[in-house]
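Single-structure report; data block below.
All values below come from the heavy atoms of this structure, side chains included, with hydrogens, waters and symmetry mates left out. What you see is a predicted model, and the numbers here were worked out from it, not measured in a lab.
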Amino acid sequence: MSEKRPNLLYIFADQWRAHALGYKKEDPVVTPWMDQFCEESVCFSNAYSTFPLCTPHRGSLMTGKYPLSIGLWTNCKIGLEEKIMLKPQETCIANVLKENGYDTGYIGKWHLDASELNFTSSPKSGAKEWDAYTPPGERRQGFDYWLSYGACDEHLDPHYWQDTPEQIRPGKWSPEFETDKALEYMTAHKDSDKPFALFVSWNPPHLPYELVPEEYYEKFKDTDVCWRPNVPEEMRTPEMEVKARQYFAAVYGLDIQFGRIYEYLKENGLEENTLVVLSADHGEMMGSHGKMSKNIWYEESIHIPLMMRQKGRLTPGENTELFASPDHMPTLLQLLDVPVPDTCQGFGHGRAMAGLPSEDAPKDMFLCSYPGGADLVATFSKLGLSHKAYGWRGIKTDRYTYVCYNGYEPGEELHEWLYDCREDYYELSPREIEADCRDEMILHFRRRLREYLDQIGDPFLFER
């Protein structure tokens, strides 16, 4: 290793579940490059999205804080009276790295800035719906190089902005173009006296599932989908089979792009002085429990891939510590030998990854979701209620998922469930908990949930 701090290359995909890796032998995906990377990495087998939705997880990733602590109780979107965005006053990882001598860059989907349509009906940038051009300045949260967009899912015809409102339209599948630019960035910085920190955010395999290059879909068009046992029969339709194959094809395409980056690092002598991270913001249900997409407590939605590699420094192997969304920033800073700011609420796993004792590693983590639709928020408001007191919250351990749900509509009945993910891998037989339950394990989960709620000022109503 050189004397300068390691570079950081953080790559994450949108809506990519932990089961969609070849070596897992669960989804019928083909990911040889990622599988090889896993063999050479620290693989976190218990990495989860605290709030399995794009903006909330991304906010936690950037700040090391819980989503509600930074006001990100839903996606940055249109239609809400409150303008949801990551506020410039937050201390973000790029701010810290820049202050410690790093060149910083961000490529791909951002989804942490308020939609431009919240402020003007005809933005000069041409942004539509939830999308946003983030101009140079404090809303870029410490990133110098910028090639990004807010939220737009035109995977085959993407657009980006750099430092002016003029759109860049490369006419390529978005992960391919973003990988091109990541390679260009690393080439420009590999011989610099300063380390670089580059974040690359791929949008696929996020829906629309059909927007995947035909060359990748060809490989999967006749693949047996192998439905998970928790996908009900009524979901196992020919149309759903096509969606699943498109999803698997997109993951295969990401593997090819990751392979380009992996080879580049090897060929350019960057393996020893670059910490490389591969992850996702949340998963995808793909029919499990009759659901699509994310934002629910099941494993398909919350369980994400997380692998970290730095050749010669990090010893490859499985790490079973619970790894939550707010843990990314403190862990990365520890591994880069950069002081962790007091603002971080997450746990730093750097000691364990360096082979040092980590007896204080969390034994559980917080899960959450809040009503986020404009109509839902308005419904609660008309009744003088806070929508932030509703939805669902949970506690995750390495074996159990405890969930408390009080509804997305006022007056819904309060429910508590306990899933034993060791004995009931597909979460088909949860234990419904009675209000007067005095089982010590349930009482413990209730106490832990109250402690998390108090820590972040969450008004969730769950006492029975």
Side-chain angles (χ1 to χ4, degrees), residues 9 11-38 54 107-109 147 149 151-160 169-184 200-228 231 236-265 276 278-288 292-294 300 304-305 307:
L9 175 60
I11 304 168
F12 65 119
D14 194 341
Q15 212 153 308
W16 176 35
R17 65 190 190 184
H19 314 86
L21 278 161
Y23 79 89
K24 293 274 192 179
K25 300 188 184 306
E26 296 203 39
D27 288 339
V29 293
V30 179
T31 57
W33 286 108
M34 294 174 180
D35 295 347
Q36 181 182 337
F37 182 74
C38 178
C54 297
I107 296 172
K109 178 177 178 177
L147 182 69
Y149 59 95
C152 183
D153 300 320
E154 297 174 358
H155 308 322
L156 294 176
D157 186 23
H159 63 256
Y160 304 85
R169 286 190 171 268
K172 281 186 177 182
W173 190 49
S174 56
E176 181 181 357
F177 177 69
E178 290 154 15
T179 300
D180 291 345
K181 305 309 287 188
L183 297 177
E184 287 180 15
V200 181
S201 173
W202 290 327
N203 199 353
H206 188 287
L207 49 76
Y209 311 106
E210 66 270 17
L211 297 184
V212 61
E214 187 64 27
E215 65 204 79
Y216 302 144
Y217 183 68
E218 277 291 314
K219 187 175 182 69
F220 293 87
K221 67 178 183 178
D222 298 316
T223 295
D224 185 352
V225 171
C226 302
W227 294 112
R228 295 172 69 79
V231 176
R236 303 183 186 194
T237 64
E239 293 78 14
M240 274 293 297
E241 287 184 352
V242 171
K243 291 181 187 298
R245 292 179 183 125
Q246 291 166 338
Y247 183 84
F248 304 149
V251 173
Y252 173 62
L254 294 184
D255 185 75
I256 290 174
Q257 301 311 314
F258 183 73
R260 294 173 60 202
I261 292 173
Y262 201 14
E263 285 193 311
Y264 177 89
L265 295 170
V276 184
L278 180 62
S279 191
D281 55 4
H282 53 73
E284 160 64 59
M285 293 300 292
M286 195 53 69
S288 290
M292 294 295 290
S293 203
K294 63 273 186 175
E300 293 83 1
I304 59 173
M307 295 163 263

List the residues meeting salt bridge (charged side-chain N to carboxylate O under 4.0 Å, His left out) with [X], not counting sequence neighbours, and say none if there are none.
| X | answer |
| --- | --- |
| Glu210 | none |
| Glu239 | none |
| Lys243 | none |
| Glu241 | Arg245 |

Considering only heavy atoms from C-beta outward, does the side chain of [X] approach that of [Y] to under 4.5 Å?
| X | Y | result |
| --- | --- | --- |
| Tyr217 | Val242 | yes |
| Pro205 | Leu254 | yes |
| Pro305 | Leu21 | yes |
| Tyr160 | Pro170 | yes |
| Phe12 | Ile304 | no |

> Got a sec, which residues hit side-chain contact (heavy atoms from CB on, under 4.5 Å) with Leu211, two or more places apart in sequence or on another chain?
Replying inline: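 For Leu211, the residues satisfying side-chain contact (heavy atoms from CB on, under 4.5 Å) (neighbours in sequence not counted) are His155, Leu156, Pro208.
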> Taking only residues two or more places apart in sequence, or in another chain, which ones meet Arg169 in a side-chain contact (heavy atoms from CB on, under 4.5 Å)?
Replying inline: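 Arg169: side-chain contact (heavy atoms from CB on, under 4.5 Å) contacts with Glu154, Asp157, His159, Gln167.
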> Taking it one step at a time, do Asp180 and Lys172 satisfy side chain to side chain contact (heavy atoms under 4.5 Å, CB included)?
Replying inline: CA-CA 10 Å; Asp180 291 345; Lys172 281 186 177 182; 2.5 Å; yes
Which heavy atom in [X] sits nearest to a heavy atom in [Y], and how many Å separate them?
| X | Y | value |
| --- | --- | --- |
| Tyr247 | Ala20 | CE2-CB, 4.2 Å |
| Trp227 | Thr237 | CZ2-O, 4.5 Å |
| Asp255 | Pro32 | OD2-CD, 3.2 Å |

>> Using the ring centroid of each side chain, check whether Tyr262 and Phe258 are separated by less than 6.0 Å.
In response: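 Close enough - the centres of the two rings lie under 6.0 Å apart.
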Separation of [Y] [atom2] from [X] [atom1] (nearest 0.5 Å):
| X | Y | atom1 | atom2 | result |
| --- | --- | --- | --- | --- |
| Glu184 | Leu147 | CD | CG | 9.5 Å |
| Phe37 | Ile261 | CZ | CD1 | 10.0 Å |
| Asp153 | Lys109 | CG | NZ | 5.5 Å |

Set of side-chain hydrogen bond (donor to acceptor under 3.5 Å, both in side chains) partners for [X], sequence neighbours left out:
| X | answer |
| --- | --- |
| Lys221 | Glu218 |
| Thr31 | Asp35 |
| Tyr264 | Thr187 |
| His19 | none |

> Going through the checks in order, is the side chain to side chain contact (heavy atoms under 4.5 Å, CB included) test met by Met34 and Val29?
Replying inline: CA-CA 11 Å; Met34 294 174 180; Val29 293; over 6 Å; no
> Can you list the steps and then say if Leu9 with Val200 is a side chain to side chain contact (heavy atoms under 4.5 Å, CB included)?
Replying inline: CA-CA 8 Å; Leu9 175 60; Val200 181; 4.2 Å; yes
> Quick one: salt bridge (charged side-chain N to carboxylate O under 4.0 Å, His left out) pairs with a partner in residues 15-28, sequence neighbours left out?
Replying inline: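 Output for this query lists Arg17-Asp27, Glu26-Arg228.
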>> Show, in sequence, the C-alpha distance, side-chain angles and deciding distance for Trp16 and Trp202, and conclude whether the side chain to side chain contact (heavy atoms under 4.5 Å, CB included) test is met.
In response: CA-CA 10 Å; Trp16 176 35; Trp202 290 327; over 6 Å; no
> Are Lys181 and Glu178 close enough for a salt bridge, meaning some N to O gap below 4.0 Å?
Replying inline: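 No, this pair does not count.
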Enumerate donor-acceptor pairs with a distance under 3.5 Å from any side-chain N or O in residues 281-288 to protein atoms, sequence neighbours excluded.
| from | atom 1 | to | atom 2 | distance (Å) |
| --- | --- | --- | --- | --- |
| Asp281 | OD1 | Gln15 | N | 3.1 |
| Asp281 | OD2 | Arg58 | NE | 3.3 |
| Asp281 | OD2 | Arg58 | NH2 | 3.3 |
| His282 | NE2 | Asp14 | OD1 | 3.3 |
| Glu284 | OE1 | Gln15 | NE2 | 2.5 |
| Glu284 | OE1 | Tyr209 | OH | 3.0 |
| Glu284 | OE2 | Met286 | N | 2.7 |
| Glu284 | OE2 | Ser293 | N | 2.9 |
| Ser288 | OG | Asn230 | OD1 | 2.8 |
| Ser288 | OG | Met285 | O | 3.4 |
| Ser288 | OG | Glu300 | OE2 | 3.4 |

